[in-house]
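Just below is one structure, and these are the notes that go with it.
A, B, ... follow the sequence lines: proteins, then strands. Residue 1 opens every chain. Every value quoted in this text rests on a predicted model; they were computed, and no experiment measured them.
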Amino acid sequence: MISPRLRFAPSPTGYLHVGGARTALFNWLVARKLGGTFLLRVEDTDRARSTDESTQAIFDGLNWLGLDWDEDVVFQGANLPRHRADAERLLAAGKAYRCFCTPDELSERRAKAEAAGGAFAYDRRCDQLAHDDVARRVAAGAPFVLRFRVPDGETAWTDLVHGRIAFPHTDIDDFVILRSDGTPIYNHAVVSDDIAMGITLVMRGDDHISNTPKQILLYEALGATIPQFGHLPMIHGTDGKKLSKRHGATAVGDYQHLGILPEAMVNFLALLGWSPGGDFDEVMTREQLIAAFSTDGLLKKAAVFDPQKLEWMNGQHLAKMPIERVAALVAPKLVAAGLATADELAAKPEWLHSLLELLRVRSRLVDDIVRQAAPFFGDTVGYEPEAVAKQWKDPAALRALFASVRELVAAHAEWSSGSLEAAHRALAESKGLGAGKLFQPLRVALTGSGVSPGLFDVMVLLGRERTRTRLLAAEEYLRGLSTDA
RNA sequence: GGCCCCAUCGUCUAUCGGUUAGGACGGCACCCUUUCAAGGUGCAGAGACGGGUUCGAUUCCCGUUGGGGCUACCA
């Protein structure tokens with residue numbers, strides 16, 4: 001497979017679905033791995049359902065994931081003249097024929113066939129029409145569609161993931177290729193476009209397997225070279241059914257807003273339906289994926305989308321990526337949360353980086369970082385009732401304890417985590433307290449919560465002055481508790 | 001109904017005839033420890049079923065069952 005040309009061909013009728021994103025990803029991976037070309041074609045021929053918003057959503061999703069395409073986007077709708085010309089070429093060559101059956105007649109016959117328990121197949125009645133009869137109807141302006149005349153025989157191909165797949169033609173109807181309004185039907189438009197775009201490898205979901213023999217027949221009738229096909233397994237929801245909105249977030253945009261990183265999404269999706277084989281580190285960068293990728297590792301079985309594993313993977317990427325990128329991602333969200341202004345953050349990049357180092361290891365989603373960041377901004381903190389109830393059971397004693405800490409903090413020369421810890425341990429010991437008996441109440445005083453990064457890392461980030469004011473505030477709060485009591 | 005595809009722990013997967021069936025997520029336990037994470041260690045957990053082929057089948061073949069897809073003048 002030398003320099004293959006591939007394409008991702010979504011129809012803009014919704015958002016970029018994770019299944020579609022994965023199809024795009026595999027096409028992209030093959031192209032990047034083999035030095036091929038990855039193209040994007042928007043299949044907007046269903047004008048009733050296609051929207052500009054959906055088209056934009058597809059572009060946005062692909063861009064976010066970093067799946068760049070190599071040539072101008074092809075809009076299928078713009079190729080209508082060629083679709084029609086190709087269909088008429090087939091008619092002229094005797095490979096297609098006019099069918100005057102109306103949709104109503106067809107659905108009636110279909111209903112009748114199904115009621116009788118049989119499968120409906122077009123009976124080719126219009127292919128039996130006499131030439132002058134056809135001419136008369138055309139002259140009279142009777143509407144007609146163009147149907148492809150399926151020859152006797154069998155169509156088979158060697159699928160890149162499934163191996164040989166064959167369909168006897170007895171199972172294939174004389175399918176419509178051109179509607180009565182002159183617009184093409186999916187299979188015809190796809191083949192016409194794939195030929196025009198020079199596509200050499202068609203990779204798509206395996207829900208297209210049954211379309212493939214029809215398309216191959218069209219390639220042959222049009223005298224074109226048949227591309228290679230590869231049918232990827234589907235992605236299912238946790239209940240084993242085809243992934244749909246019922247399963248929650250299914251659009252890549254949903255995950256973007258949830259705080260999933262594009263590299264994590266790409267990594268996760270790549271491992272759904274593909275494996276490099278053997279033992280390997282599942283956390284991979286885009287570059288590592290390209291390096292490891294091979295169509296040999298494509299799986300046949302449908303995979304269940306596991307959001308938990310996606311989040312785990314996101315946490316892995318979050319922990320490994322350059323801290324500057326984390327900062328770039330989180331800063332706008334801190335601003336949006338009202339914790340700081342962009343200028344304030346820009347003024348102390350090193351402080352921000354230290355904070356993020358502490359928080360990212362405790363986070364799976366980007367937004368988890370934001371949720372934990374509040375205690376590090378502003379002069380005051382709100383106390384979580386549960387934390388107060390659990391850690392501040394003896395207000396009077398704690399007030400005195402915090403006063404001692406305040407003295408320690410004011411006098412302590414080396415403002416580093418290790419040094420502060422040693423000093424506090426000594427303080428706890430001098431008071432006859434276990435370290436935890438001092439640290440946990442102190443954590444609540446400084447962060448308002450019973451959960452936070454290492455206490456002395458917190459102090460370092462807070463700085464001496466804010467540490468002092470928070471202690472004061474806590475003492476004040478505790479005074480209130482004891483008078484109430 | 002017809003046609004097609006698929007089938008290893010709950011989930012993602014390794015295994016290309018011979019393994020105590022390996023890893024990862026999740027779960028549980030323990031370690032680390034000032035909390036929470038992260039990290040480390042350990043435990044539980046799988047070849048759907050029935051026939052073949054073979055000295056030997058998770059692996060190859062057939063059938064059954066189960067799941068999925070397609071079956072439009074949708075894409």
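- Side-chain N/O atoms of A/Lys301 include none lying less than 4.0 angstrom from OP1 or OP2 on B/rA7.
- The 12-atom threshold is not exceeded at CD of A/Glu429, counting heavy atoms of other residues, nucleotides or ligands nearer than 6.0 Å.
- At a threshold of 4.0 Å, the pair A/Asp193-A/Arg7 does not count as salt-bridged, since none of the basic side-chain nitrogens sits closer than that to a carboxylate oxygen.
- At whole-Å resolution of the value, NZ in A/Lys300 and P in B/rC4 are 16 Å apart.
- For the P atom pair drawn from B/rU11 and B/rG68, the interatomic distance equals 14 Å after rounding to whole Å.
- Closest to the side chain of A/Arg362, from the set B/rA14, B/rA37, B/rU34, is B/rA37.
- Atom CG in A/Leu299 sits roughly 14 Å away from atom C1' in B/rC5 (whole-Å rounding).
- One atom, CZ of A/Arg164, and another, P of B/rC6, lie 14 Å apart when rounded to the nearest Å.
- At a threshold of 4.0 Å, the pair A/Asp174-A/Arg147 does not count as salt-bridged, since none of the basic side-chain nitrogens sits closer than that to a carboxylate oxygen.
- Ionic pairing of A/Glu263 and A/Arg325 is present here: one or more N-O contacts between side-chain nitrogen and carboxylate oxygen are shorter than 4.0 angstrom.
- Rounded to whole Å, the distance from CE on A/Met284 to C1' on B/rC12 is 12 Å.
- Shown here, B/rC28 forms a base pair with B/rG42; the pair counts as Watson-Crick or G-U wobble because both key distances fall under 3.5 Å.
- Near RNA chain B, meaning a heavy atom under 4.0 Å away, the residues from residues 425-434 of chain A are A/Arg425.
- Distance CD (A/Gln372) to C1' (B/rA38): 12 Å, rounded to an integer number of Å.
- Rounded to the nearest Å, the gap between the C1' atom of B/rG26 and that of B/rG69 is 29 Å.
- Under the 4.0 Å criterion applied to side-chain N and carboxylate O atoms, A/Lys214 and A/Asp173 are not assigned as salt-bridge partners.
- Under the Watson-Crick or G-U wobble criterion, with both distances below 3.5 Å, B/rG1 is paired with B/rU71.
- Counting to the nearest Å, the C1' atom of B/rU33 and the CD atom of A/Gln440 are 11 Å from each other.
- Pair assignment for B/rU64: B/rA48, on the basis of Watson-Crick or G-U wobble contacts that are both within less than 3.5 Å.
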key: Sequence-aligned protein contact record of nucleotides 59-75 of chain B, with B where the base is within under 4.0 Å of a protein heavy atom and S where only the sugar-phosphate is   = ---------SSS-SBBB

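- For the P atoms, the distance from B/rA48 to B/rC9 is 7 Å, rounded to whole Å.
- The gap from the P atom of B/rU20 to that of B/rG50 amounts to 23 Å, rounded to the nearest Å.
- The only option from A/Leu358, A/Leu461, A/Val361 that meets the side-chain contact (heavy atoms from CB on, under 4.5 Å) definition with A/Pro453 turns out to be A/Leu358.
- Residue pairs meeting the side-chain hydrogen bond (donor to acceptor under 3.5 Å, both in side chains) criterion with at least one member in residues 430-441 of chain A, sequence neighbours excluded, are A/Ser404-A/Lys431, A/Gln440-A/Arg443.
- Here B/rU8 sits opposite no nucleotide as a Watson-Crick or G-U wobble pair (both hydrogen-bonding atom distances under 3.5 Å).
- If you check every strand for non-hydrogen atoms under 4.0 Å, A/Ala435 touches nothing.
- For an aromatic pair to be called close, the ring centres must be under 6.0 Å apart, and A/Trp312 with A/Phe268 fails this.
- Rounded to a whole angstrom, the distance from the P atom of B/rA21 to that of B/rG45 is 13 Å.
- Rounded to a whole angstrom, the distance from the C1' atom of B/rA7 to that of B/rG63 is 15 Å.
- Between A/Lys320 atom NZ and B/rA38 atom C1' there is a gap of 13 Å when expressed in whole angstrom units.
- Side chain to side chain, A/His83 and A/Thr45 fail the donor-acceptor criterion of an N or O pair below 3.5 Å.
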Evaluation steps, side-chain contact (heavy atoms from CB on, under 4.5 Å), between A/Tyr122 and A/Phe175 = CA-CA 8 Å; A/Tyr122 183 64; A/Phe175 55 95; over 6 Å; no

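- Taking every heavy atom of residues 416-423 of chain A and every atom of RNA chain B, pairs under 4.0 Å involve A/Glu421, by number.
- Evaluation of the ring pair (Phe, Tyr, Trp, His ring centres under 6.0 Å) rule for A/His317 yields no partner, not counting sequence neighbours.
- Proximity note for A/Asp171 (side chain, C-beta onward) versus B/rU34, B/rG2, B/rU13: the nearest is B/rG2.
- Here the side chains of A/Leu217 and A/Phe167 are not in contact, with every heavy-atom distance at 4.5 Å or above.
- For the pair A/Leu359 CG and B/rU35 P, the interatomic distance rounds to 18 Å; values are reported in whole Å.
- Among the protein residues, A/Leu272 comes within range of the sugar-phosphate backbone only, with heavy atoms under 4.0 Å from sugar or phosphate atoms but none that close to a base.
- Between A/Lys309 and A/Glu282, at least one side-chain N (NZ, or NE/NH1/NH2) sits under 4.0 Å from a carboxylate O, which counts as a salt bridge.
- A/Ser452 comes within contact range of at least one nucleobase, with a heavy-atom separation under 4.0 Å.
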query = How does protein contact run along nucleotides 23-28 of chain B, one letter per nucleotide 5' to 3', with B for base contact, S for sugar-phosphate only, - for none, heavy atoms under 4.0 Å?
reply = BBSS--

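- Side-chain contact between A/Leu318 and A/Arg364 is absent, with no heavy-atom pair separated by less than 4.5 Å.
- In this structure, A/Arg425 pairs ionically with A/Glu421, as a charged nitrogen and a carboxylate oxygen lie closer than 4.0 Å.
- Picking from B/rA14, B/rC4, B/rC6 the nucleotide with the shortest atom distance to the side chain of A/Ile165 gives B/rC4.
- If you check every strand for non-hydrogen atoms under 4.0 Å, A/Gly450 touches a base.
- With RNA chain B read from its 5' end, the first of the two nearest nucleotides for A/Ala166 and A/Ser363 is the one closest to A/Ala166.
- Side-chain contact of A/Asp181 with A/Thr183: a donor-acceptor pair under 3.5 Å is present, judged by distance alone.
- Atom name P, nucleotides B/rC6 and B/rG22: the rounded distance is 27 Å, in whole Å.
- Taking atom P in both B/rG2 and B/rC73, one finds a spacing of 22 Å when rounded to whole Å.
- For B/rU59, there is no paired base (Watson-Crick or G-U wobble, both distances below 3.5 Å).
- Between A/Leu25 and A/Leu29 the shortest side-chain heavy-atom distance falls below 4.5 Å.
- B/rU15 makes up no base pair with any nucleotide shown, lacking Watson-Crick or G-U wobble contacts both under 3.5 Å.
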